[in-house]
2 protein chains.
Amino acid sequence: MKYGFFDDLSREYVIQQPDTPLPWINYLGSDNFFSLISNTCGGYCFYKDAKLLRMTRYRYNNVPYDTNGHYFYIKDRDTIWNPGWQPSKTPLDSYECRHGMGYSIFKSSKNQITANLLTFVPLKDSCEIQKITLTNDSEKERNISLFSYAEWCLWNADDDSRNFQRNLSTGEVEVKDSVLYHKTEYRERRNHYAFYGVNAPVNHFETSRDAFLGVYGSAEKPTAIIDGKLTDSIASGWYPIASHQINLCLKPGESKTFVFVLGYAENPEEEKWEAENIINKKPAETILKKYSSEASVDQAFSALKDYWTDLLSRFQVTTENEKVNRMVHIWNQYQCMVTFNMSRSASYYESGIGRGMGFRDSCQDLLGFVHLIPERARTRIIDIASTQFADGSAYHQYQPLTKKGNSDIGSGFNDDPLWLIAAVSAYIRETGDTSILKEPVPFDNEEETAVPLMEHLKRSFDFIVSHKGPHGLPLIGRADWNDCLNLNCYSRHPGESFQTFGPSEGPVAESVFIAGMFVKYGREYADLCHLVGNPAESEHAHKEVAKVYDSILQHGWDGKWFLRAYDANGEKVGSADCQEGKIFIEPQGFLPLSGVGIKEGLAEQALKSTEEWLDTQYGITILQPPYTHYHLNLGEISSYPPGYKENAGIFCHNNPWVSISEAVLGHGNRAFDVYRKICPAFLEDISEIHRTEPYVYSQMIAGKDAPRFGEAKNSWLTGTAAWTFVNVSQYILGIQPTLEGLCIDPCVPEDFGDFTVTRMYRGVCYHISVRNPHHVQRGISTLLVDGVAVQGNIIPFDSGKTDVYVEAAMG
Amino acid sequence: MKYGFFDDLSREYVIQQPDTPLPWINYLGSDNFFSLISNTCGGYCFYKDAKLLRMTRYRYNNVPYDTNGHYFYIKDRDTIWNPGWQPSKTPLDSYECRHGMGYSIFKSSKNQITANLLTFVPLKDSCEIQKITLTNDSEKERNISLFSYAEWCLWNADDDSRNFQRNLSTGEVEVKDSVLYHKTEYRERRNHYAFYGVNAPVNHFETSRDAFLGVYGSAEKPTAIIDGKLTDSIASGWYPIASHQINLCLKPGESKTFVFVLGYAENPEEEKWEAENIINKKPAETILKKYSSEASVDQAFSALKDYWTDLLSRFQVTTENEKVNRMVHIWNQYQCMVTFNMSRSASYYESGIGRGMGFRDSCQDLLGFVHLIPERARTRIIDIASTQFADGSAYHQYQPLTKKGNSDIGSGFNDDPLWLIAAVSAYIRETGDTSILKEPVPFDNEEETAVPLMEHLKRSFDFIVSHKGPHGLPLIGRADWNDCLNLNCYSRHPGESFQTFGPSEGPVAESVFIAGMFVKYGREYADLCHLVGNPAESEHAHKEVAKVYDSILQHGWDGKWFLRAYDANGEKVGSADCQEGKIFIEPQGFLPLSGVGIKEGLAEQALKSTEEWLDTQYGITILQPPYTHYHLNLGEISSYPPGYKENAGIFCHNNPWVSISEAVLGHGNRAFDVYRKICPAFLEDISEIHRTEPYVYSQMIAGKDAPRFGEAKNSWLTGTAAWTFVNVSQYILGIQPTLEGLCIDPCVPEDFGDFTVTRMYRGVCYHISVRNPHHVQRGISTLLVDGVAVQGNIIPFDSGKTDVYVEAAMG
């Protein structure tokens, strides 16, 4: 079942029915100010940090679903309705929600009144703009009232949800003209406040939730709206909100437009006040003035659209498959930008008050956005590397506001160091900017410890070399990529962290997956050493890689597939000898793409076993058979009910690894099949099963062992976005940035047809046309660059050009 | 405005209108299992620990207010209603909620169907019993359906509210016959599950919230109930709930009764399963069987009533003032028991996921319940003292489940040590049990460090002696009784704890309040030393007390009142010299009752100043004038808007100190006036202003500087309960337990009239009659004990008696 459609020309997903199976959301904002907004106008906004500077209050796991939000109510005689359907849920005569790039548009009508709501965060200002146009489509004059509504969060979203004995007494507001100011705690240690204004006089306002909703009232039927008149309340403690009332008369056919601005403002300490306990409103007024006219809003909206047009133009594709086109050109890249902004912090499944940025997560995310925003990727790399320890290990997470490592979780996730190499290597392949390697970067944010970034990579590399177990394979520590495979923890009691309880690290448990990473990123490290003129270190690195490679062959192969790990007792994990969890996806997916076992035929066999054991109609499960009991020696992985999450769910993140590996082996049909199965655009027709948004990837789809097989969860913030973009752009379409230049090496299904790609690369625009007259799965037979034939499939980079025309023929 | 009335005979408060200004709640449970229940059936239950073992899900700060709860729905053709009004809010033909001692009764009717719901937690079993009787009051046969509803919390209430990326995949249930089992995480590290059963066959059930409510549905109008048929869903992840459906036919005049039991069960590790992944249901079935008949439920309810009759009989009073009678005999003691059970952990303002038990809080609470449950008070003292450090300082909080000190907040609250002396002294005065002083008690829970409890008291005493500042007054540390007066912190940034940021302790800032405490509890310590035959230590203690006493006179008097403190710069806090915060209640309230300044006339003057500066019609504010700006050197106290909380709110906790001090000075009229102003029963008629329950104390009432003057907040869990009981029982009514025996020393208003008190004391029942023929405020002229005149006003304790008859005449 479908709930909408893709409007590719507008780069929008259009939802035509408000009661989607789950909230289908969008992200607004591209710099410091962000809003989450669902297809029913649910959501919240924050400045920089979803935990510490949350501006509006949202209720996770609420009933009704997905409340609250930034709502508009229209009162038309006795009918009260919302352009986004919720919260009144009054049936609408028409409804449409368009989620676009950094904006959402709602167009709804009821009884011949139409509301058209555009909402977006402008490129540089810290505010959400809501432009709403009301039109009288009837032939009579209509008198209606428009109400806005947002509930303020008392800034720290965590404290806001628990510390009532304090927080119910602290709320403070100010009102001036049409602007409602939220200034809780401004009188003490905060230098920031929030504001909500409109570019028109208001008839009334409300700042007390009780006055607005009624003491036992709900957002579905606010008492003050039923009464038709807000009471001009001034909140004192309890629950401050912001609601404007505008009464308006619309002649037949007439439209009126209002611009609401919900924003964040801060003042220098010495300019906090304009009078005794009266906040200095200048920064708010500046923004409000800037957006006081429709024209200025339209201009800002236009600038936002241009920004995205420019950004997405860096990788455009035209194939015969429109689903591939819309995902690659639009939604996959858009999701990569959202993971850049959010990491794993704030979604409809991530409450925004838990962890900050992940070391591993952010390094992987970078693989998906480095071609879009290389300058910001550079900054991100420095931020990440600054949380590394001098021994090469790293904080597993760090806080976006402070950029300091999170000592609650600490280090000990032994794949982390290698992801830094992956990120830097990707950055340099994309940009050619080797200067980053000389950038001084501290350890653990202690400035005086700064060394060139290259030295950080060496510490990363050396950490693995010096942390190997009895089989010569890397020690797993608290966990490798799979945070739930905890081989050193042995937790028996609820509440203990599966990752940090007990010894949590140890000298025996080894990861075959990290071994594969070491081969791949160890070689990339060697390439960088070579590039910067250190052949000795490069050779040393290759030697170390070779050792681990041998250890994999000797101890990491189970007969028909790669082992997953050895546990703290030296027992095999992910082996045919195991009763449950016989085969895991991670090594089968990652080792072939790392080049492990290809010449020995093991890669081919591992992928066959993957298809045989792990594949389903909705994607490849992470392991089989699921764990039916809790295994003390394996940890969190066995804590999930069979078929969910890391216990035999379809963990989308590593499906692209398998697809890439298939491509590396030249299996274009299979590579695409794996790509297609979890690709949201291909699942649009089964939204009643898949349930999450058909325009973005989810972290997980329930596996075949789960009662809800095929149902996705945790949409948006997943490494799936980045890895899928790597897969489809570099391996399926085969446009690979290398240290020397772009490499053209597609691996597609036989019936994929010809395609073109336009790609910005190091400031040069490549116009690539790939023909496949003989319907092969892989292999370039001729390559013309600006009409000149080139040997091999790498286009040597030439910075003197602005455009390069490439014609490639497969066969 | 009143929303109900006191039914003193039944010991119930009867609410006659469901939309009370705030949820008016009750606590069920007296041992390990507790429920909070509001007058609209909102609330939740937990086993032992509101954070770690929460059974059902409640939403704090939700709209509508006070949802969810343990609800019953009645579907009668197209009408759906609830006995407690919420969540459907269908207008009822009649409604009554009776909050009694550990139980609540709802009696409501709609369209000639009456529902009578009794809910309580039996004395020893870990379950909530809900007995519901439906009666057909019409003359037609009626076919109706009854639905239960509770939403499971996934045990850890903190994690449950934030960790969705995991928790939405873990929910698991089982269903057998009429019993719905919640077994999330039972398959891994938990050995406990929850169950919800009914003593009758069910027609249908629901365990998936989405199936019950509908995806965008609300508890107000559950889809499955509107459809009239639950769908027998088996939840898998997402949101597990429990709902039974019973269809029934009632003949005219017929009643049918059902017993629902919502319980907690645990199994030994080796008996977790009865078959492969099928939980061992024996412990649940045992409880369900026990309460399968109405008779057994009635018996358990009867036992609960007997328990409370016995408990409350330990202190009964009959005066001419029924408000005093009902508060002293019933509600004040009841609230003391609730603070014993809950400390400050779980109320409608305390979210149950924050702090555990307070060291200071629990010691003070004990003053209010030690006469009710002396054996449990003894255990509590040992628990508390076990968290003390060897240097006499103490963890400020500890966890109820583990009984370990909470290192997040640590120690440094320099009043804490003295509260331990207060608690032990009160215990011994009440019980005469000096054996507790020899009880071995560890420091910081390290068993090998155990020393006799008496040594802990010595360490407490010595800590103060060794932590004095430049004026010879005790150092304040992070804070004294007023957690918000932070003289060593200097926090400039949001998110920093006002109590633990910065140095947070220091060698200069001193507390006049702790000095007063030291005088009072130092002397009580000296008395205990004397009692156990250590006159040298006793004499030493008196000398140290005398030194501090002198320091108070020399440096603690401001001219018209006592100073509050010296800050870290040695500047005065709470002085006429200050621009704001000139006078504080704490020293004026506590120093006179400690005997400071009485003979010098300072106490009298301090209390006069208190009345002049701090008193209002709704109680005595904590300071005046309020702080209008944030003071870095004072901390959290100045972070509140003027008139709220510690910044010039009426902080109820220390109003009884003033009342006691007035009584100590013989001012019976004034002592009672102070008592009356914050006494909830006296505020019943102004519930629209006071807003919280008229049967229990609240932590705070907004002061005259606040926009909402007179409005209370944070009801139930406050030291006000204990201190008020001390005040009214020991100082106003004047029945004081001393080391030698009961002392009779009333201090009442001139028009108070005669009164009688029945009091259990060390196993003997005292029947005390006090006459006041001459309408004096204080002074006993004659005292007859069993008809024999006694010199002075102490009745020497005689353990040989079972009953003692006392006749006292004032005058």
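By convention in this document, chain letters (A, B, ...) are assigned in the order of the sequence lines, proteins followed by strands, and residues within each chain are numbered from 1. All figures in this text were calculated on a predicted structure; none of them were measured in a lab.
- Proximity to chain B is limited to the side chain of A/Y644, based on heavy atoms less than 4.5 angstrom apart.
- Ring geometry for B/F164 against A/Y60 counts as parallel: the plane angle stays under 30°, on a 0 to 90° scale with 60° as the upper cut.
- For a residue to count as touching a neighbouring chain, one of its non-hydrogen atoms must lie under 4.5 Å from one of that chain's; by this rule A/T67 does not touch chain B.
- Salt-bridge check for A/R708 with B/D210: failed, with every basic side-chain N at 4.0 Å or more from each acidic carboxylate O.
- A cation-pi geometry, defined here as NZ or CZ lying under 6.0 Å from the six-membered ring centre and within 45° of its normal, holds between B/R189 and A/F498.
- Contacts between A/I234 and chain B at a heavy-atom distance below 4.5 Å are absent for every atom of the residue.
- If you check the side chains of A/N61 and B/R209, you find a donor sitting under 3.5 Å from an acceptor.
- Between chain A and the residues B/P707, B/S639, B/S351, the largest count of heavy-atom pairs under 4.5 Å involves B/S639.
- Open room surrounds NZ on A/K221; 12 or fewer heavy atoms of other groups in view lie less than 6.0 Å from it.
- Listed for the B/R190 side chain is no donor-acceptor partner under 3.5 Å among the backbone atoms of A/P494.
- Interface remark: A/R59 contributes side-chain atoms only to the contact with chain B (heavy atom separation under 4.5 Å).
- Interface remark: A/N62 contributes backbone and side-chain atoms alike to the contact with chain B (heavy atom separation under 4.5 Å).
- Proximity to chain B (any heavy atom under 4.5 Å) is shown, for A/S491, by both the backbone and the side chain.
- Heavy-atom distances place both the backbone and the side chain of A/L168 under 4.5 Å from chain B.
- More than 12 heavy atoms of other residues, nucleotides or ligands lie within 6.0 Å of NZ in B/K89, so this atom counts as buried by the packing criterion.
- A salt bridge is defined here as a Lys NZ or Arg NE, NH1 or NH2 lying under 4.0 Å from an Asp or Glu carboxylate O, and B/R166 with A/E636 meets this definition.
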Give the C-alpha distance, both sets of side-chain angles, the deciding distance and a yes or no for side chain to side chain donor-acceptor pair (under 3.5 Å) between B/Q165 and A/K713.
CA-CA 8 Å; B/Q165 72 88 23; A/K713 283 197 185 104; over 6 Å; no
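- Looking at B/P18 and A/Y216, their side chains never come closer than 4.5 Å, going by heavy atoms from C-beta outward.
- Heavy-atom distances place both the backbone and the side chain of A/D19 under 4.5 Å from chain B.
- Heavy atoms closer than 4.5 Å to chain B are found in the backbone of A/Y627, but not in its side chain.
- A heavy-atom distance below 4.5 Å is not found between the side chains of A/H631 and B/E188.
- For a residue to count as touching a neighbouring chain, one of its non-hydrogen atoms must lie under 4.5 Å from one of that chain's; by this rule A/W85 touches chain B with the side chain only.
- Per-residue counts of heavy-atom pairs under 4.5 Å with chain B were compared for A/Q699, A/E711, A/E646; the largest is that of A/E711.
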